[in-house]
Amino acid sequence: MDFTKKIKLKVSNITSDFKDFKRNYYAQENLPIILKTADGKDSLNLDNYLEFNNCMTTIDGELAYDLNSKTQNDTINKFSNMLFENFHIQFLILNLF
């Protein structure tokens, strides 16, 4: 009898995986809010960039979104282009589930 079979194991750091999942879950649940003008249009600053409500939720002490100098194109796909790098990769994985 040949008992030599190859077994593939995937080892994962569950604590780290959960932390990343939690951070990205809350980033997805707390999207930036674009300020509106009195007539309901998106508010723009003097440089023609969107204005956001600056009261943002921090996640583990960090902001998830970069709100500086953003246009309407940056808001496509639920603001994913505006995520800071340490949220971005995990955010895309979260959307697969």
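- Distance CG/N53 to CD1/I33: 5.0 Å, rounded to 0.5 Å.
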Which donor-acceptor pairs under 3.5 Å do side chains of residues 45-52 form with protein atoms, sequence neighbours excluded?
{"unit_1": "N45", "atom_1": "OD1", "unit_2": "D47", "atom_2": "N", "d": "2.9"}
{"unit_1": "N45", "atom_1": "OD1", "unit_2": "N48", "atom_2": "N", "d": "3.1"}
{"unit_1": "N45", "atom_1": "OD1", "unit_2": "Y49", "atom_2": "N", "d": "3.0"}
{"unit_1": "E51", "atom_1": "OE1", "unit_2": "S43", "atom_2": "OG", "d": "2.5"}

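- Connection of F79 to F84 is established within a shared hydrophobic cluster, with ILVMFWY side chains joined at heavy-atom distances below 4.5 Å, either directly or through further cluster members.
- Taken from CG in N86 to CG in N24, the straight-line distance is 8.5 Å, to the nearest 0.5 Å.
- Annotation: side chain to side chain donor-acceptor pair (under 3.5 Å) contacts of T37 (sequence neighbours excluded): D39.
- Between the CD1 atom of I59 and the NZ atom of K19 there is a distance of 12.0 Å, given to the nearest 0.5 Å.
- L67 and N54 get closest at one heavy-atom pair: CD1-OD1, 4.2 Å.
- Residue pairs satisfying the salt bridge (charged side-chain N to carboxylate O under 4.0 Å, His left out) criterion with at least one member in residues 23-37, sequence neighbours excluded, are listed as follows: R23-D60, R23-E62, K36-D42.
- M82 and P32 get closest at one heavy-atom pair: CE-CG, 4.2 Å.
- For residues 67-76, the pairs satisfying salt bridge (charged side-chain N to carboxylate O under 4.0 Å, His left out) are D66-K70, with sequence neighbours left out.
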With side chain to side chain contact (heavy atoms under 4.5 Å, CB included) as the test, would you mind laying out the steps for D20 and F87 before giving the verdict?
-> CA-CA 8 Å; D20 289 342; F87 285 87; over 6 Å; no

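- At distances below 3.5 Å, not a single donor-acceptor pair connects side-chain atoms of Y65 with backbone N or O atoms of M56.
- Of the inter-residue distances, the one linking L83 atom CG with L63 atom CG reads 11.5 Å to the nearest 0.5 angstrom.
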